[in-house]
Asks: 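Next up is a structure, given as structure tokens.
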Amino acid sequence: MKALVTGISGFVGSHMAEFLLAKGVEVAGTIRQRSRMEHIAHIEQDIKLVECELRDPISVEQMMDRERPDLIFHLAAQSFVPTSWNSPIDTIHNNVAGQIHLFEAIRRFGLSTKVQIACSSEEYGQVEPNEVPIREDNPLRPLSPYAVSKVAQDYLAYQYYKSYGIHVVRTRTFNHTGPRRGENFVTSNFAKQIAEIEKGLRPPVIHVGNLQAKRDFTDVRDVVRGYWLALEAGTPGECYNIATGSCCTIEEMLNLLLSLSDVKVDIQEDPLRMRPSDVEILLGCSAKFHADTGWKPEIPFRQTMTDLLNYWRGKV
Ligand SMILES: Nc1nc2c(ncn2[C@@H]2O[C@H](COP(=O)(O)OP(=O)(O)O[C@H]3O[C@H](CO)[C@@H](O)[C@H](O)[C@@H]3O)[C@@H](O)[C@H]2O)c(=O)[nH]1
């Protein structure tokens with residue numbers, strides 16, 4: 001069995017590759033010329049890296065003709081919400097075109113590849129108080145260009161399943177974190193600031209954005225197990241929430257991180273970290289995914305945050 005991981009050098013991609021290798025699956029992954037390799041350096045000997053620009057249909061077609069994978073975990077994306085306000089067209093083009101090129105190559109070569117599409121809880125966007133925990137049939141009211149790009153990926157996957165019978169499973173993953181999370185994302189950003197304060201590399205002031213948003217955090221290692229199960233046992237064409245079913249404010253998450261350290265800090269709001277519109281609450285119900293695949297989260301949030309803080313302690 002051969003799996004292709006798009007965006008293998010990224011945060012989730014590197015964990016996905018590790019999971020697949022542990023299962024004994026042959027792993028190939030797409031990278032771009034400028035991809036940073038630090039997350040996969042330790043497994044580079046065990047995986048096949050293929051240079052591919054997903055935005056270029058010819059590049060994707062040639063790659064798919066060579067690789068012909070049984071499974072695709074489509075994780076490559078512009079995934080940082082604030083970037084999508086600065087360059088909305090780039091985010092939408094990147095996230096949508098890459099997926100269309102993959103689907104068109106599958107069609108052209110008549111492959112029976114099963115494809116997992118990394119959709120997002122951001123698609124739900126504006127959520128009313130009576131709509132939590134959010135189920136898959138909730139209306140999608142996206143609040144950022146990134147969220148719109150994920151709605152498009154989600155519905156394109158549905159459409160290619162309906163139109164051409166491509167085996168797709170759409171996973172709407174709520175926030176996820178763990179070691180190697182990019183430093184722009186809130187959990188890593190705060191953990192890195194704390195690690196730097198511990199080492200005396202910066203004054204004891206944590207810069208923050210909106211601390212009142214509520215998010216449902218799953219450990220990335222539980223998430224990649226979910227992606228595997230989605231293709232093992234998920235129903236083709238379906239969408240599934242991947243979430244823990246409990247949430248906390250960003251302030252509570254920060255307090256948890258601080259409780260894992262001895263530093264005493266001041267908290268300072270940074271206006272540049274505020275968003276034109278922020279999703280207030282994302283709290284997911286993953287009962288449908290559990291019923292179809294047996295998945296449930298295993299790693300407690302405290303453990304995830306301890307591992308993340310230790311990751312940054314080793315980096316700064
Ligand atoms: N990044 C960041 N966010 C902050 C900060 N302070 C507060 N926040 C708040 O923390 C929340 C989480 O921000 P991010 O970690 O940037 O993640 P996200 O916007 O929720 O999106 C993530 O989750 C989605 C799934 O719901 C993913 O689809 C997306 O790619 C990303 O991983 C947001 O409400 C944001 O306003 C800060 O200093 N930095």
Side-chain angles (χ1 to χ4, degrees), residues 7 10-13 15 74-86 91-92 94-95 117-127 132-134 138 140-154 170-178 180-194 196 205-220 223-224 226-227 239-244 247-258 265 267-286 304-305 308:
F11 163 57
V12 185
H15 285 280
H74 181 38
L75 310 178
Q78 192 304 93
S79 64
F80 189 47
V81 172
T83 297
S84 78
W85 275 293
N86 296 334
T91 297
I92 288 173
N94 185 78
N95 294 0
I117 298 294
C119 303
S120 167
S121 55
E122 274 287 307
E123 292 171 49
Y124 296 115
Q126 179 69 44
V127 173
V132 291
I134 307 163
N138 210 75
L140 306 180
R141 308 183 191 101
L143 291 178
S144 67
Y146 166 79
V148 172
S149 80
K150 286 288 159 181
V151 172
Q153 283 192 247
D154 194 322
R170 300 171 282 151
T171 47
R172 292 183 185 159
T173 309
F174 286 61
N175 290 59
H176 40 298
T177 189
R180 302 182 209 137
R181 182 35 128 178
E183 65 180 276
N184 286 334
F185 297 86
V186 71
T187 48
S188 257
N189 192 278
F190 291 176
K192 186 178 182 214
Q193 290 189 61
I194 292 170
E196 286 177 343
V205 180
I206 306 256
H207 297 274
V208 301
N210 174 17
L211 291 184
Q212 298 322 310
K214 295 186 177 130
R215 292 290 187 274
D216 178 338
F217 289 101
T218 304
D219 191 288
V220 64
V223 168
V224 298
Y227 291 168
C239 61
Y240 295 103
N241 285 343
I242 299 187
T244 68
C247 70
C248 64
T249 62
I250 299 303
E251 186 167 27
E252 287 165 339
M253 182 277 292
L254 173 58
N255 287 337
L256 169 58
L257 272 175
L258 288 170
V265 299
I267 313 278
Q268 203 170 88
E269 196 172 285
D270 172 1
L272 290 176
R273 291 171 186 245
M274 306 305 270
R275 302 176 178 190
S277 50
D278 200 6
V279 175
E280 273 176 42
I281 178 164
L282 289 174
L283 166 59
C285 168
S286 56
T304 304
M305 297 309 279
L308 180 63

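Every number for a ligand or one of its atoms is a count from 1 in the order of the listing. What you see is a predicted model, and the numbers here were worked out from it, not measured in a lab.
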Asks: If you count the atoms of ligand 1 from 1 in the order shown, which ones are under 4.0 Å from a heavy atom of L282?
Replies: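 Near L282, the atoms of ligand 1 are 26 (O).
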
Asks: Using only atom types and a distance under 3.5 Å, with no angle test, would you say the side chain of H176 pairs donor to acceptor with the backbone of F174?
Replies: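 Present.
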
Asks: Nearest heavy atom to atom 14 (P) of ligand 1: which of R215, Q212, R275 does it belong to?
Replies: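 The residue whose heavy atom sits nearest atom 14 (P) of ligand 1 is R275.
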
Asks: Evaluate R172 against Y124 for side chain to side chain contact (heavy atoms under 4.5 Å, CB included), listing each step before the verdict.
Replies: CA-CA 9 Å; R172 292 183 185 159; Y124 296 115; 3.0 Å; yes

Asks: When you measure from atom 7 (C) of ligand 1 to every protein heavy atom, which one gives the shortest distance, and what is it?
Replies: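 The answer is N210 O, 3.2 Å.
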
Asks: N189 vs Q193, test: side chain to side chain donor-acceptor pair (under 3.5 Å). Steps then yes/no.
Replies: CA-CA 6 Å; N189 192 278; Q193 290 189 61; 2.8 Å; yes

Asks: So which protein heavy atom does atom 17 (O) of ligand 1 come closest to, and at what separation?
Replies: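 Result for atom 17 (O) of ligand 1: N175 ND2, 3.5 Å.
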
Asks: Within a distance under 4.0 Å of any heavy atom of S79, pick out the atoms of ligand 1 and give their elements.
Replies: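 With S79 as reference, the close atoms of ligand 1 come out as 29 (C), 30 (O), 31 (C).
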
Asks: Got the closest protein heavy atom to atom 6 (N) of ligand 1, with its distance?
Replies: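 Ranked first by proximity to atom 6 (N) of ligand 1 is G209 N, 2.8 Å.
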
Asks: Which pair of heavy atoms, one from L308 and one from S188, lies closest together, and at what distance?
Replies: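 Heavy-atom minimum between the residues: CD1-OG, 3.4 Å.
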
Asks: Would you please test R215 and V186 for side chain to side chain contact (heavy atoms under 4.5 Å, CB included) and show each step?
Replies: CA-CA 11 Å; R215 292 290 187 274; V186 71; over 6 Å; no

Asks: Considering F185, Y146, F174, F190 one by one, which has a heavy atom nearer to atom 27 (C) of ligand 1 than any of the others?
Replies: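 It is Y146 whose heavy atom sits nearest to atom 27 (C) of ligand 1.
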
Asks: Restricting to non-hydrogen atoms, name the atom on D278 and the atom on L143 that form the minimum distance, rounded to 0.1 Å.
Replies: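 Looking at all heavy atoms of both residues, the shortest contact is O-CD1, 4.1 Å.
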
Asks: Among all protein non-hydrogen atoms, which one is nearest to atom 11 (C) of ligand 1, and what is the separation to 0.1 Å?
Replies: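 Nearest neighbour among protein heavy atoms for atom 11 (C) of ligand 1, to 0.1 Å: I250 CD1, 3.7 Å.
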
Asks: Taking the minimum heavy-atom distance to atom 1 (N) of ligand 1, which of N189, N184, D278, V12 ranks first?
Replies: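 The residue whose heavy atom sits nearest atom 1 (N) of ligand 1 is N184.
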
Asks: Give a yes/no on ligand 1: does T173 have at least one heavy atom closer than 4.0 angstrom to it?
Replies: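 Yes.
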
Asks: Locate the shortest heavy-atom distance separating I134 from N241; write the atom from each residue and the value.
Replies: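 That would be O-ND2, 2.9 Å.
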
Asks: Check whether T244 reaches the backbone of T218 with its side chain - one donor and one acceptor, N or O, closer than 3.5 Å.
Replies: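 Absent.
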
Asks: Nearest protein heavy-atom contact for atom 4 (C) of ligand 1: which residue, which atom, what distance?
Replies: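 The answer is V186 CG2, 3.4 Å.
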
Asks: For ligand 1, which atoms, with element, lie under 4.0 Å from some heavy atom of S121?
Replies: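 This gives 25 (C), 26 (O) as the contact atoms.
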
Asks: What is the closest protein heavy atom to atom 38 (O) of ligand 1, and at what distance does it sit?
Replies: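 Atom 38 (O) of ligand 1 sits closest to the protein heavy atom R273 NH1, 2.7 Å.
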
Asks: Specify the protein heavy atom at minimum distance from atom 32 (O) of ligand 1: its residue, its atom name, and the distance to 0.1 Å.
Replies: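 Here the nearest protein heavy atom works out to R181 NH2, 2.8 Å.
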
Asks: For residues D154 and I117, determine if any side-chain heavy atom of one lies less than 4.5 Å from a side-chain heavy atom of the other.
Replies: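 No, side chains not in contact.
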
Asks: Closer than 4.0 Å to some heavy atom of S120 - which atoms of ligand 1 meet that?
Replies: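 Answer for ligand 1: 24 (C), 25 (C), 26 (O), 27 (C), 28 (O).
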
Asks: Need the ligand 1 atom indices (1-based, order shown) with element for anything under 4.0 Å from a heavy-atom of F80.
Replies: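 The atoms of ligand 1 under 4.0 Å from a heavy atom of F80 are 1 (N), 16 (O).
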
Asks: May I ask you to list the atoms of ligand 1 that are less than 4.0 angstrom from any heavy atom of A213?
Replies: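 The list of qualifying atoms is 34 (O).
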
Asks: I need the nearest protein heavy-atom contact for atom 21 (O) of ligand 1: residue, atom name and distance, please.
Replies: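 Residue, atom and distance for the closest contact: V81 CG2, 3.9 Å.
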
Asks: Passes side chain to side chain contact (heavy atoms under 4.5 Å, CB included), M253 versus T187? Steps please.
Replies: CA-CA 8 Å; M253 182 277 292; T187 48; 3.9 Å; yes

Asks: With a 4.0 Å cut-off, would you call E122 and K150 a salt bridge?
Replies: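 No.
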
